[in-house]
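Report on the structure given below.
In this text the structure is predicted, and so the values were computed from the model without any measurement.
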Amino acid sequence: MSPARAPHNAPADFRAASLLPRQDERAGGLVFTVAVLAFLACLAVIATLAADRAARGWVTQLSSSATIQVRPSGDETGPEAAARAAETAAAVKGVVEARALDRKAAETLLEPWLGKGNLPADLPLPFLVTVELDPKAPATAVSLDQAMAHAHIDASVDDHSRWMQDVRRSGNLVRVIAALACALIASAAGSMIAFATRQGLAARRDVVEVLHLCGAEDSFIANLFMVRFSSLAFRAAAYGAIAAAAAGALTRLAGGSDGFTPALPISWLDLASCIAAPLLGAAVAAVSAKTVATRILRAQP
Amino acid sequence: MRYGRAPEVLRDIDLNLEPGSFHFLTGATGAGKSSLLKLIYLAARPSRGLISLFGRDVNAMARRDLPFVRRRIGVVFQEFHLLDHLSAFDNVGLPLRIAGARIEDYRADVIELLQWVGLGGKIHAFPPTLSGGEKQRLSIARAVVNKPDILLADEPTGNVDHAMALRILRLLVEMNSLGTTVVIASHDQDLVRRSGMPVLHVHDGGLHLIGAAPQASAAEPAPPEPARPESARPEPVPHDDPEDPEAQSEPEPPPAAEGEA
Ligand SMILES: Nc1ncnc2c1ncn2[C@@H]1O[C@H](COP(=O)(O)OP(=O)(O)OP(=O)(O)O)[C@@H](O)[C@H]1O
Ligand SMILES: [Mg+2]
């Protein structure tokens with residue numbers, strides 16, 4: 001044999017090759033699955049952030065206003081009573097403005113339910129006063145009630161607190177469900193990776209055996225699988241995150257120029273939460289692959 | 001030892017390999033040569049009996065210690081066990097890389113070794129593209145690259161022509177003269193005779209020492225000079241005696257190698 005000198009001694013030719021075969025069967029399916037899981041997790045997070053914002057917006061709106069329904073008594077007409085009630089309410093501490101709704105405004109409020117022009121002229125509409133509260137120190141329903149009683153106006157005050165409670169409760173529920181969904185998705189991804197690691201170790205038993213015979217420790221081999229699968233999960237989760245961010249951006253754009261989608265007011269900042277997906281995906285995959293590989297290798301004779 | 005529930009392949013073996021010794025291992029096909037080597041390089045555990053390596057009882061070794069013992073044993077496998085997805089260079093560098101060396105530190109050594117075994121032009125080739133003899137030499141290069149204390153070669157000349165076989169033998173003898181304990185399993189009677197080295201013969205589950213084979217007067221490329229069997233290395237080396245149901249724990253230190261039926 002001719003001991004021919006290797007013509008290529010460029011350092012670049014001698015980068016340390018990956019000890020596990022580069023392209024593994026089923027890697028495509030795994031990338032797809034992890035990407036889909038990351039996509040779903042990101043959507044859940046974006047939707048939760050948006051729902052949270054919507055809930056907070058509603059609570060702010062509700063807590064900064066109250067409604068007083070006036071029942072005319074004596075020889076006072078409805079509009080007169082409402083006007084007096086508005087005057088009285090405006091004088092209460094913590095009230096910025098109080099305005100009696102005229103019949104037209106009340107009709108406008110009912111339009112969405114009854115349709116335009118469908119209101120009979122003699123329909124008895126309630127006489128309402130909308131009260132705008134000081135958001136820093138809003139007047140309480142009790143103080144408004146007292147003021148009404150003091151002015152001898154038969155009225156009931158609704159400070160929306162029951163609604164706010166409902167909004168807050170459902171907001172919390174959405175948050176819990178989203179966190180649960182993310183945890184489930186993360187554990188699904190983790191067990192996918194665990195399964196793939198088990199497969200990989202079985203499919204590469206020959207490689208593992210040679211590494212062992214060449215003096216490799218279990219941790220060395222487990223680390224190969226850890227690096228392999230965490231980088232795969234990072235890449236796959238990045239695909240899913242990008243897709244989710246694109247979907248979020250589309251929703252945001254479709255929501256109008258000021259981004260106000262009443263149900264899900266997505267902000268551009270929400271989309272940044274997708275950045276966490278590749279990092280979390282890589283971390284979950286690393287822990288999962290390392291744990292499973294170590295356990296399997298230790299169990300070998 | 002035995003495989004699964006099959007009858008015992010090796011029994012009544014009492015062998016003590018002195019540090020720095022050189023032996024051939026012969027025997028009919030299926031006699032158990034590879035099995036005996038497997039016991040030494042820790043790929044198989046004895047079903048009974050005692051093996052100690054570097055003065056330590058193998059059966060008492062924890063799993064996490066095995067890698068460090070294996071790093072002191074170079075093995076040329078009968079079926080090569082090369083990694084097909086790694087280049088010749090990466091295959092040879094594998095034991096060094098596993099031991100934590102960086103590529104910059106071993107690049108030159110590995111290239112030189114590949115040139116030495118005549119694979120200088122195949123540094124970037126992958127094993128599936130190599131001939132049987134080339135794979136064999138690659139496997140030899142990998143076995144010796146980290147200068148092991150023990151070198152076990154299972155049919156290292158099975159796929160090469162006579163000239164290359166002699167060349168490989170010279171490499172192994174050279175390794176031996178640097179202090180490595182060498183055991184070569186071989187069917188090549190001519191090579192065994194030519195070397196003049198002591199022969200361990202596996203027969204019927206037992207091991208027989210056939211002193212130094214009668215030296216054939218060879219005029220070919222420098223017949224390997226006999227290695228000094230007892231080098232004064234302090235290390236107690238493989239002491240191998242599977243079989244012996246009960247008492248067999250005495251670490252007897254007989255002279256060179258010893259085989260019994
Ligand atoms: N992994 C295995 N499982 C079961 N039986 C085995 C295994 N390896 C070897 N054997 C059996 O053990 C016996 C000894 O095999 P071994 O490979 O040690 O022989 P050998 O002397 O190396 O033969 P050869 O010269 O053909 O390489 C044979 O009967 C073989 O069938
Ligand atoms: Mg064999």
* Residue among A/Val207, A/Ile221, A/Asp206, A/Leu19 with most heavy-atom pairs under 4.5 Å to chain B -> A/Leu19
* Select, from B/His81, B/Arg45, B/Glu104, B/Arg63, the one with the greatest count of heavy-atom pairs under 4.5 Å involving chain A. => B/Arg63
* Asked: Is the closest side-chain donor-acceptor distance between B/Arg194 and B/His162 under 3.5 Å?
  -> yes
* Asked: Would you say the side chains of B/Asp154 and B/Ser34 form a donor-acceptor pair under 3.5 Å?
  -> yes
* Output yes when B/Lys135 and B/Glu79 qualify as a salt bridge under the 4.0 Å nitrogen-oxygen rule, no when they do not. => no
* Asked: Between B/Ile73, B/Leu66, B/Leu83, which shows the greatest number of heavy-atom pairs under 4.5 Å with chain A?
  -> B/Leu83
* For A/Ser219, is it the side chain, the backbone, both, or neither that has a heavy atom closer than 4.5 Å to a heavy atom of chain B? -> neither
* For the residue pair A/Thr48 and A/Ala178, what are the closest heavy atoms and their distance? -> OG1-CB, 2.8 Å
* Contact part of B/Arg97 toward chain A, heavy-atom cut-off under 4.5 Å: side chain, backbone, both or neither? -> both
* Taking the six-membered ring of A/Trp58 (Phe, Tyr or Trp), confirm whether the NZ or CZ of A/Arg53 is under 6.0 Å from its centre and within 45° of its axis. => no
